[in-house]
Every structure is written in C-alpha cells, then in structure tokens.
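To start, the structure under review is shown below, and the notes come after it.
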Amino acid sequence: MISSLRTSDEIFVASAQRISARIDTANRQINSGKRIHSASDAPDQVATLFTLRSNLGRMEQVDSNLSQIRTEVDTAEGALQSAVRLMDRALTLGAQGDTSFSNPQARRFLADEIQGVLDSMTGLTQTAVQGRYIFAGDTDQTRPYDTDESFYAGSETSRRALHPLGTTFAIAHTAQQIFDNEDASRNVFGSLRAMRDALLADDSAAISTAMDGLRSSSSHLSEELAFYGGAQGRVADAQETAKAEVLRMKTQIAGIEDTDLLTASLELSTATRDYQAALQARAKSERGSLFDFLG
Amino acid sequence: MSGLFGALGQTATAMRAFERSTAAIQNNVANVSTPGYARMRHMPQADRFEPSEGVFGGVLPGAVISYRNRFTEAAVRERTSQWARQDQSASQMGQLEPLVSVTAGSGMAGAIDRLFQSFSQLSVAPNDLNARQVVLTRAEEVAGSFQQAAGTVDAARGQIDSEMRSTVRKVNELAARIVELNVAKRRNLAPEAGGSPDSGLDAAMHNALEELAEHVDFQMLEQADGSVSIFVGGGQLLAIGDRTYPISLGTQTPEDGVQRRTVLNSEGLDITATIQGGRLAGQLDGYNRVIPMVAADLNALAESVAGEVNFALQSGVDMNGAPGADLFTYDNSIGAAGTMRFSGAGVRELAMALPGQEGGNGNALLLAGLASQKQTNGYTFGESLGNLAGSIGRELQGQRDRASVSVSLLAQAKSQRQQDQGVSLDEEAAQLVAVQRAYQAAAQIFRTINEMTQDVINMAR
C-alpha cells in the first residue's frame, strides 16, 4: 500500500507491532494459564494434544463406567453373601429334620421354614441396581424369576466390562447359573425344593439325600460368591489402572498446554521494557533539519 | 561598452538560472512527504567563455533532472508483490484456523470424543433408554460440528472469491489509470507543451505502478515518450500506450469436481499459472489449492467417522433383534462434512448388541473402541483431526514468518529508494544556501557592472 510515512517510520511501526504482539501473547498466556490457544501457537504439538485429550476422555469414561460396575458387582456380592447365609440356615433346618427325634408335625414346620428360605432366595434373584435386574443376564429389564422359581425369564449374559488397557472381563452370572443350574448338584432351588418335599413327606431317607443336595448347592454358592469377589478385585484393579492413566495423561497435557508462568512473566517484562525503550529512543531521535538553523 | 552591456545580460541570465535552481529546491521541499515523488535538481550549464572573441561566458538555465532510480523502483515493486502474496496467504489461512478448535472439549474433536464416550457409557447399561438418547444427542452434535466446519471452509472460499473479484477489478482500474497517465505524459512532453517532464505526473505514475504491484506481479517497459507498457505474470499484456487489455476471472471444474478459479487475459486465454506475485497470486493459491485440500481432509474425516459408526451399527442388533439403523446420513458427491446429518434413528434402533446376544453390550464395546482404532489412513479420528489442525497451524505460522521477512525486505528496498531518490531536507537546505549565495554574488556583480556602466555614461557627457 502507498504510505506517506517515511521509510524509517514504517520500519519503526512494524517493529513496534511485533513487540506489541509479544506483549499480547505473554499477557494472554498469563491470564488464561494456557500456552496454546490456536493451532499456530504450537503446530507440532497440536496433534499430540488432541490424541491425549481423546485418550483422557476415553479413560475418564472407563473410570466412570467402572464405578457403576463396581456398584453392581458389590450389590451382587452382597446378594450372594445373603444367599450363602440363607443356605446355611437351610442346612440347619435340614439337619434338624434329619434327626430321629423329629416328628411329622415338626417336619411340616421345618418344611414351611425351608419354603421361606426358597422364597427369600427367589427374592434375591430380583436384586436390582438403578432399575436393572443384575442377575437377569442381557435382558436386565426383566425379572429373572417371578413368583414361580421354576421358570427363568431372563437370558444368557454376554456383557463384559471394559478394562482401561482395552481388554474386557466378565462381571456377572445369571440367576439361572447361580440358583437354578442345569447341574442338579449345583441347583440351589432344586435342593431346597427337594428338602421341602422330603420334610413334608416325612421321608427320612429323602431328607438325608436332600441334605447332600443342600451341601453341594451350598458349595456352589460359595464358588459363585468367590466369582463375585474376584470380579470386585478385577474392577478395583481396573479402577486403579484407570486413575493412574488419567493422572499420567493430565500431567502430559498440562506439560504441553499449560503456561510456564516464569517464562511468560519474563517475556512480558522483557517485551514491555523493549517497547518502552523503542518509544523513548524514537522520541529522542526526532530532530529537525538544517532549515531549523537557518535564519 | 558593448562588453559591459553583454556582461549585464549574462549576469541577468545567471540570476534566472539561479531562480530555476531555487524553484527546483522549493519543489523538492514541498514534496518531501509526497508518495512516489523523486527529488529533482536543476542543472545549470556553463556558457562559452572566449573574451578574445567577445564571448564572455556565464551560466545558462539547464535541464531539470529527476533522481528516480529505475532499479530501486523495480526492487520495491518486486518486494511489494512478494509481501502482498505472503500477507494475503497468511490472512486467508487465519480464517481457516478456527476450523479445528484447540480448546478442550470444543469443536469436532470434542463432539467426536463425546459420541464415543456415550457408546462406552451405554456399554454398562445397553438397555437404558436415557443413555441411548444421550447417544442420539451426541450424534446430532457430531453432525452439527462437521456442518459448521464445512460452513467455515465455504465461508472462507466465498471470502477469497469476493476478494479475488475485487482484486481483478482493481488491477483493471489501475491499468486504466496508467493508460491515462501515459496519455498525459505524452501530451506533456510534446513540443507544443514545452517538452519538460512533470514531476507530479511521474509521482502519480509510480504510485499507480506500486499499487498495481500489490495486487499482481508484472514487468514494466518504459518508452522513450515516458509512457509505460505493463505485462502481468509471465508476459501477458495489460496496458500499452493508450490501450488496456483487461484481465478477468474464469471458472474451471476438473475431474475431482472441485471448482477452480482461473485468470483470463483479454483474449480469454488462461494465464493463471503465470501469476506468481501480489494478492491475486495468494488468492488463487488459497482458492485453488489450500481450500480444496482442507475441504478434502475434512470430508474424508467426516466420511470415515460416519461410515465406520454406521457399519458397526449395521453389524449389530437393536432392542428388537433387528440389524441396527444408521446413525448418520451424508452425500459424498457434494461433500460428506457439509451434508452430514443425524439419521433420525430411534432409541430402540441403536444396535448395542452383537447378533444372537440381544440385550448384550458387545457392539457398544466395539463402537466405543472405534475411538482408539487406527483407520485406513493409519490414524485414529483424534489423530486425524490433530494432524489437520497441525497442518493448518504450521502453514499459518510459516506464512506469518514469511510475511514478516517480506515486510523487512520491503522496508529495506524502500529505504534504499529513499536514499537514492528521496528528498533530504538537510541537503535541500545546503543547496538553497549555496544557490542563495551565488544569487547574491551575481546580484553584487550586476550592481558593480551597473556602476561601471554609469561611470562610462558620465564620462561621455
């Protein structure tokens, strides 16, 4: 563009604008705490920054997921603890009915108690977290067992939890697996029904056989409890890993985008001093011409 | 006696010569800040001195010469063209920088990350209708962010196109102005006009040339009559004598379907490749190379995101056990980014389970995993966006650095021109004192000769 400024003035203005831009940049970095506001501030680091942020977001989501999963797993573990205690009570009741001192009336009473245990077990299958039946497999909106504990309304479980390192791990068994297993020696409902029926029939031999069934079912419940204990451990380990990764990524991101306050402050004071010096030097360099000295 | 009268006449002629010198100095001082002005100097000539033949010498008014240096003028124009091109490119790239925001969580990067995080969240409770609705909302955000980015590219393209039309118009206006000045210069140098150069016309001509250099690079030929001929780019005639040959803008659509702008000479021939300097060169580069490159990267990314997500959804089953519905629609022929839309799929149509595992989260985990999966270009979505931002930032930083260097080089060239042909008040003051003293001396001689003449007349009485 055509300018009527002297060339020396144009050079001074351009230099002053460059110093002013340095002041603006330093001010912006100090005020915002961020070194990078646009891609041109650090073009070679922007790609890394984007990748780290994406990974951080993903990891934070995984951590949040694991917190939800932990609630489910803890709740399931608690339900299994209750189931184990119920089974212990059933074993006690069965043992009482298995003695020669028991009479038909007493055995009928014990049978009612066993039915109570069975009902409580059925109730445990309907354990829910945030409206989801955690033992219903993939169909978590459906009660696995209603009043009829012989009909499983849920489905298989295929769900897995995502580990921060990208793998997945199992976190749940179905109510059918836990309480109504195909293997008769592991079928909690079956063993309780067998004991109830034996007590009602006042059949000592059947009661003894049912006791064996209760013991093997109790063993199975303990294994299921151990599974959920293991799941809790895996979730806790995954959460620890996620948190460590989140911290690592945040540190890396801060290293890239956060302002180095010392450097920015020094730059600000240096640029401000340079600007004032340039203005003062320019003011002093203004002189007239020989015409000023001619009479 | 005749010698005395002759001396009187010669002294008067000398004083006339000194008056012209003073006028030239006065003109220089008056035009010290006039853009395009080159200092002028009156060059008096010594007359023949041969007293034996009765020729008594003296000083005659001479020519007024201009100190204009063609080479430094050409250097300023060349640097101006270079600076203008760099400045234009930096300005254009600056318009594209907001395309990929580096603020955490914002823009396309933030929207894409949130979409895949919503898949991850849904993997915990794949039948949760609220969580499914969040996925649909995030999908709308992603489509919106790509549309906005495409809009930014289109706006930048439109801005450059508008500036290009303005530049071409300006080039043709300046060519017309130069032609007017050519005619005026010829008229000024004609014998009936006195034949002396006009410093005002000269300054106006060089201003017009310098302004033209900002818009387009050109070569100039100066004719004997003071007029100039202008050839843009690699030798395309723009103006000669009293005629202009205007340039215009054309359009070309090559195989890739992306419209390109061309510059046509007055005969309609494509001279785009010959334009290498000035704002027009920067605008052509921006419109024909930079914008299509950025748009292509953006469209490729949009197609990749939408395509991969849709494919994964089609491979799974929804809450009804049917293959999943697409989440996005787009039109590749127009541009995936600008046409990307949320498909309008319902919450139950999202396929979060694998076939045979209705209600499961297998497909949700696969979809969440897309965020960290390398795509066909070898990069994840986040890396691709980062690379796009980085390339824009690098290009912009480079353009700004080059523009800064160009400013310094232009200033150097102008400084050299100032030294060669500018007006120095100190020099003019010294010249004025010298001319004033010479005038005073001549006046003193005139007085002395006058007294001598009077004495001779008195003797004759």
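Keep in mind that what you see is a predicted model, and the values were worked out from it rather than measured.
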| task | Count the heavy-atom pairs under 4.5 Å between each of A:E60, A:K34, A:Q61 and chain B, then report the option with the highest count. | result |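 With the most close heavy-atom pairs to chain B, the winner is A:Q61.
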| said: Looking only at heavy atoms and a cut-off of under 4.5 Å, which of A:T139, A:L162, A:D140 has the most pairs with chain B? | reply: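 Heavy-atom pair counts peak at A:D140.
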Name the region of [X], side chain, backbone, both or neither, that has any atom closer than 4.5 Å to a heavy atom of chain A.
X	value
B:Q418	side chain
B:S101	backbone
B:L385	both
B:N361	both
B:V407	side chain
B:E97	side chain

| Can you pull out the residues in residues 13-30 of chain A with any heavy atom less than 4.5 Å from chain B? |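 Residues in range: A:A14, A:R18.
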| task | Output the residues of residues 233-248 of chain A for which the shortest heavy-atom distance to chain B is under 4.5 Å, in residue-number order; output 'none' if no such residue exists. | result |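 Result: none.
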| For the atom pair CG (B:N127) and CZ (A:R132), what is the distance rounded to the nearest 0.5 Å? | 9.5 Å
| So, for B:G382 and A:F50, which heavy atoms are closest and what is the spacing to 0.1 Å? |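 That would be O-CB, 3.7 Å.
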| Residue pairs, two or more places apart or on separate chains, that pass side-chain hydrogen bond (donor to acceptor under 3.5 Å, both in side chains) and touch residues 364-374 of chain B |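 For residues 364-374 of chain B, and leaving out neighbouring residues, the side-chain hydrogen bond (donor to acceptor under 3.5 Å, both in side chains) pairs sorted by first residue read B:K374-B:E383.
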| Proximal component of A:T168, with respect to chain B [non-hydrogen, under 4.5 Å] | side chain
Is any side-chain heavy atom of [Y] closer than 4.5 Å to one of [X]?
X	Y	result
A:S40	B:R400	yes
B:S120	A:N65	yes
B:P126	A:R159	yes

| query | Thinking salt bridges, do A:D44 and B:R394 make one under a 4.0 Å N-O criterion? | reply |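 Salt bridge between A:D44 and B:R394, a charged N being under 4.0 Å from a carboxylate O: yes.
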| Which residues pass the salt bridge (Lys or Arg N to Asp or Glu O under 4.0 Å) test with A:E77, sequence neighbours left out? |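 Not a single residue meets the salt bridge (Lys or Arg N to Asp or Glu O under 4.0 Å) criterion with A:E77.
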| request: Mind ranking B:I392, B:V32, B:L388, B:T103 by heavy-atom pairs under 4.5 Å with chain A and telling me who comes out on top? | output: B:T103
